[in-house]
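Comments concern the structure below.
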Amino acid sequence: MERFVIRGGNKLNGKITISGAKNAALPIIAASVFAGEPCRIENVPEISDVRMMAKILRFIGAEVTMPEPGVMVVDSKNIQPDITIPDEMTRKLRASYYLLGVLLSKYGCASVALPGGCYFGVRPIDQHIKAFEALGASVNTDNAVVDVKCDELYGSSIYLDVVSVGATINAMLAAVKAKGLTVIENAAREPHIVDLANFLNSMGADVRGAGTEVIKIRGVSEMHGCTYSIIPDQIEAGTYMVAAAATGGDVVIDNVIPKHLESISNKLEDCGVTVIEGDESVRIISEGGRPRACRVKTSPHPGFPTDMQPQFATLLTICDGNSTVVEDVWDNRFKYIDQLRRMGASIIVNGDTALITGVESLHAAPVEADDLRAGAAMVIAGLIAKGETSIGNIKLIDRGYENIVEKLTAVGADISRVTFDED
Ligand code: EPZ
């Protein structure tokens, strides 16, 4: 069993280079099936979620290779669409449900066991189903498997009742080959939605308006292979920005799109942290004592990302004053706070709000990663805390952070991956 062991208290200084975006890579790799021939995808992060998506594509007959670091080639000429993607795969990767939209659109059928993924409250897929049915598909969810079928898909208007990244993506995937015009309203606007649209258009699709709340898609009959490079990971970058601020360091986060980080940069500035934007970098300077307390509320892009909530709350535990964190996207994303309390954090949770009373510092303790971003928060807490913190369940962190030990060590963190025998 592996754990991270962190000896906290070091200021982070230097440069961290950001990898490709997990939440763009997953739908893009799935969508490469549309090509029916080789697609070369670059800047692919080497993380376990991407390896799992590749495994699922191979399971349905695609040939997936990694000819060089960060490059994936998917050849989907031999896809067998009538294979059910089983629970033992989908429970490991919630994003496997993107294959519903792709296979339905390309072959008229798909069968995927109900998805798993991080658990922070109910994670329904009613809006995905609404989109498929609006385009003319029949959907059956008996036996915990989502079966979608259609003779033909026809363009339609789809109003999403809730801003949903996954449902927006699945609606886009299902619509790219539907006959006629599809209009998706109340669409999610995340950077990874725009990246997927650009990838689909590189394969010959006609997707317009991605990044706004209205996406218009004209169905096409043929799509082809392409070469495409994935955008940098907004949440990986934000995580290291917060780590730099939390340790009182001075770090350049390189290979980013600063505009994608605006809500995070603004919140750090609210805390008195200096953020200097370059063309493809942000520099975080936090050498002036404890950060100021502030109020954070998560919301869909361009608001403050829910996937940054645990990490930012960890910074707020040592801020000077009382902060509030409101989680407005998920209905139960404060589970990690129990772990922070073990390290001396002073937090009261009341419904969707966490009330944080800043303390001078945290103290080391053995903790567990409850999910991917909660695990990232534990790493930040370990970097802050005096003493030796060990973190368990780190496979959850490896789902979304490429080379996290190497990247943090390079800027002065004392962190290592240690193997312990089971007992
Ligand atoms: C994506 O999950 C991300 N995962 C999540 O990041 C992220 O937290 C989330 O978007 C919000 O940004 C991937 O991209 C792989 P949603 P997704 O559909 O698509 C409700 C990470 O750490 N909803 O945008 O599953 C839902 O309950 C992961 O990288 C419905 O009600 O999230 C939630 O309250 C964790 N019905 C809200 O919408 C539906 O059919 C947003 O969920 C779908 C969603």
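Atom set for the values below is all heavy atoms of this structure, side chains included, hydrogens, waters and symmetry mates excluded. Remember, it's 1-based here, ligands and their atoms both numbered in the order they're listed. Treat the numbers as computed from the prediction; the structure is a model and nothing was measured. Start at 1 with the first residue, then count along the sequence.
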Are Glu327 and Thr306 linked by a side-chain donor-acceptor pair shorter than 3.5 Å? yes

Test item, Gly400 contacting ligand 1 (heavy atom, 4.0 angstrom): no

Residues Glu37, Lys77: salt bridge by 4.0 Å N-O rule: no

So for Gln127 against ligand 1, with non-hydrogen atoms under 4.0 Å, the contacting part is both

Quick look: Arg399 vs ligand 1, heavy-atom contacts under 4.0 Å, and the answer is neither

Taking atom types as modelled and ignoring hydrogens, do the side chains of Asp254 and Thr17 form a donor-acceptor contact shorter than 3.5 angstrom? no

Is it the side chain (CB and beyond), the backbone, both or neither of Asp307 that lies under 4.0 Å from ligand 1, heavy atoms counted? side chain

Does some non-hydrogen atom of Arg94 fall short of 4.0 Å from ligand 1? yes

Have a look at ligand 1 and work out which part of Val162, if any, has a heavy atom under 4.0 Å from it: side chain, backbone, both or neither. side chain

Please could you name the atoms of ligand 1 that Lys22 approaches to less than 4.0 Å, counting only its heavy atoms? 21 (C), 29 (O)

Quick one: look at Asp161 and ligand 1, take heavy-atom pairs under 4.0 Å, and tell me if it's side chain, backbone, both or neither. neither

So, the side chain of Arg342 versus the backbone of Pro366: is there a donor-acceptor pair under 3.5 Å, distance only? yes

Test of understanding: given a 4.0 Å heavy-atom threshold, classify the contact between Ser164 and ligand 1 as side chain, backbone, both, or neither. both

